[in-house]
Amino acid sequence: MNISILCVGKIKEEFYRNAVAEFEKRLSRYCKLQIAEVADEKTPESASAAFEEQIKEKEGMRLFKHIKEDAYVIALAIDGKELDSLQMSQTIEALGIQGRSSIAFVIGGSLGLSKAILRRADMKLSFSKMTFPHQLMRVILLEQIYRSYRIMHREPYHK
C-alpha cells in the first residue's frame, strides 16, 4: 500500500521532526510512505473571510499537484467522520482488499482545506472537534496509521 501524507507547511520544531522520522521508520515495514509539504500562505490577523478563502484555494492548488488520480483521498476535517483506532485499521485494510493501492491523507494549514480539496476527498476524517496545530496533527496521524497496521497484523501495541 502507498500512503501519502500531504500537508500545508513545514515542521519547524525538532521534536516534531524526530517523532515524524520515528513513525516513518516504523511504518517502512508495512507500507510505502511519502510525505509532501506545500508552502503555506501568510494570513494577516484581520483577514476577511473572502481573503481567507483565497488563501485556502492557493494552498489547495499546491496540494492538488501531489494527489494521484487513482488515490483514495482522506481529508482531515473537523466536520469529518470520527473513527476509533479499530475502525481506522479496518478502513485502511478494506481499501487494500478493494484493490486501492494508494491512500492520500490531506492536512490543511491554519485555516483548513479548500472547498476543492474537500470535494475531491473520498472521505472526511476528524480526530476531534478540537483544533490541533498541523505539525502535531501530522504526528498524531502517523501514529494512528502505524497503530492501524499493528492492529491489521494482530501485533501487540500499547493501549
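All values below were derived from every heavy atom in this structure, side-chain atoms included, with hydrogens, water molecules and symmetry-related copies excluded.
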So, for Met1 and Arg100, which heavy atoms are closest and what is the spacing to 0.1 Å? CE-O, 3.4 Å
May I ask whether Ile103 and Phe23 are part of the same hydrophobic cluster, defined by side-chain heavy atoms of I, L, V, M, F, W, Y residues being less than 4.5 angstrom apart, directly or through others? yes
Under a single-linkage definition using a 4.5 Å side-chain heavy-atom cutoff for Ile, Leu, Val, Met, Phe, Trp and Tyr, are Met137 and Val38 assigned to the same hydrophobic cluster? no
What is the distance from atom CD1 of Ile3 to atom CG of Leu142, rounded to the nearest 0.5 Å? 10.0 Å
Out of curiosity, Phe127 CZ to Ile140 CD1, how far, rounded to the nearest 0.5 Å? 7.5 Å
Of all residues at least two apart in sequence or in a different chain, which pass the side-chain contact (heavy atoms from CB on, under 4.5 Å) check with His134? Ile107
Can you sort out the partners of Ala121 under side-chain contact (heavy atoms from CB on, under 4.5 Å), two or more places apart, ordered by chain and number? Val73, Ala75
Please tabulate, one pair per line, all N/O donor-acceptor pairs under 3.5 Å involving side-chain atoms of residues 84-94, not counting sequence neighbours.
| from | atom 1 | to | atom 2 | distance (Å) |
| --- | --- | --- | --- | --- |
| Asp84 | OD1 | Leu86 | N | 3.1 |
| Asp84 | OD1 | Gln87 | N | 2.7 |
| Ser85 | OG | Gln144 | OE1 | 2.8 |
| Gln87 | OE1 | Asp84 | N | 2.9 |
| Ser89 | OG | Ser148 | O | 2.9 |
| Thr91 | OG1 | Gln87 | O | 2.8 |

pair Val20-Arg138: side-chain heavy atoms closer than 4.5 Å: yes
Does CD belonging to Glu155 count more than 12 external heavy atoms closer than 6.0 Å? yes
Crowding at CE, Met152 (>12 non-hydrogen neighbours, <6.0 Å): yes
Identify, with sequence neighbours excluded, every residue that meets ring pair (Phe, Tyr, Trp, His ring centres under 6.0 Å) alongside Tyr30. Tyr149, His153
Donor-acceptor contacts, no H, no angles, side chain residues 62-71, under 3.5 Å, sequence neighbours left out:
| from | atom 1 | to | atom 2 | distance (Å) |
| --- | --- | --- | --- | --- |
| Arg62 | NH1 | Ala39 | O | 2.9 |
| Arg62 | NH1 | Glu41 | OE2 | 3.0 |
| Arg62 | NH2 | Glu41 | OE2 | 2.4 |

What pairs with Lys58 under salt bridge (Lys or Arg N to Asp or Glu O under 4.0 Å), at least two apart in sequence or on another chain? none
